[in-house]
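The structure appears right after this line, and notes come after that.
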Amino acid sequence: MAKNKSILASNLKIKGDITEKDSLIVDGEIYGNINAETLESYENSNIKGNINSNLATLGGSVKGNVSSDKIKIRKTAKVEGVLSQKVLAIEEGASLKIKTETYK
């Protein structure tokens, strides 16, 4: 079963909450909370709000809390907030101002 992907390009700004039942790719600006099965943000992305997903791959700026089974933070990311996850992976070079808690 193929998953659907919604892509928010770099020239897009959204104010408001987003719910995506499958995959969301973000390279633009979002001012609101995100609920998605998987979230992938790229270097140009700027998210100000909370993220709730099964898998979050963060490559841009995030100011807010992230709750996800698996969080991957790329070296291009700037993350500020509280992370709650089962698995956390951080690439060397990422800018972090976080608190984190791992759950089973």
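Values below: all heavy atoms of this structure, side chains included; hydrogens, waters and symmetry mates excluded.
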Problem - Residue list, side chain to side chain donor-acceptor pair (under 3.5 Å) with Glu37, at least two apart or on another chain - result: Asn54

Exercise for the section: State the CG-OG distance between Asn35 and Ser67, to the nearest 0.5 angstrom. Expected result: 9.5 Å

Exercise for the section: Measure the spacing between CG of Asn4 and CG of Leu24 and express it to the nearest 0.5 Å. Expected result: 12.0 Å

Handout entry: Tyr31 versus Asp17, side-chain donor and acceptor atoms under 3.5 Å
Key = no

Practice task
Calculate, to the nearest 0.5 Å, the distance between atoms NZ and CD belonging to Lys99 and Glu101 respectively.
Solution key: 10.0 Å

Handout entry: Evaluation steps, side-chain hydrogen bond (donor to acceptor under 3.5 Å, both in side chains), between Glu29 and Ser45
Key = CA-CA 6 Å; Glu29 292 184 45; Ser45 67; over 6 Å; no

Handout entry: All salt bridge (Lys or Arg N to Asp or Glu O under 4.0 Å) counterparts of Glu91, not counting sequence neighbours
Key = none

Check residues 46-53 and write down every donor-acceptor pair under 3.5 Å in which the side-chain atom is one partner and the other belongs to a residue at least two apart or another chain.
residue, atom, partner, partner atom, Å
Asn50, OD1, Asn65, N, 2.8
Ser53, OG, Leu55, O, 3.3
Ser53, OG, Ser68, OG, 3.1

Handout entry: From CG (Leu8) to CD1 (Ile18), nearest 0.5 Å
Key = 5.0 Å

Fill in the blank from the handout: With sequence neighbours left out, the residues meeting salt bridge (Lys or Arg N to Asp or Glu O under 4.0 Å) with Glu20 are none

Exercise for the section: Taking Thr76 for its side chain and Glu43 for its backbone only, find out whether a donor-acceptor pair lies under 3.5 Å. Expected result: no

Handout entry: Glu80 vs Val62, side chain to side chain contact (heavy atoms under 4.5 Å, CB included): CA-CA, chis, key distance, verdict
Key = CA-CA 6 Å; Glu80 191 175 323; Val62 176; over 6 Å; no

Exercise for the section: List, by chain and then residue number, the residues other than Ile7 in its hydrophobic cluster (Ile/Leu/Val/Met/Phe/Trp/Tyr, side-chain heavy atoms under 4.5 Å); write none if there are no others. Expected result: Ile25, Tyr42

Exercise for the section: Identify whether Ile71 and Val87 are in the same connected component of the hydrophobic contact network (ILVMFWY, side-chain heavy atoms under 4.5 Å). Expected result: no

Exercise for the section: Go through the structure and list residues passing side chain to side chain donor-acceptor pair (under 3.5 Å) with Thr38, not counting sequence neighbours. Expected result: Ser23

Completion exercise
To the nearest 0.5 Å, atom CD1 of Ile73 lies from atom OG of Ser95 at 10.5 Å

Practice task
Output the distance between atom CG (Leu58) and atom CD (Glu40), rounded to the nearest 0.5 Å.
Solution key: 10.0 Å

Handout entry: Val79 with Val82, same ILVMFWY side-chain cluster at under 4.5 Å
Key = no

Exercise for the section: Please confirm whether the backbone N or O of Ile90 pairs with a side-chain atom of Arg74, one donor and one acceptor, at under 3.5 Å? Expected result: no

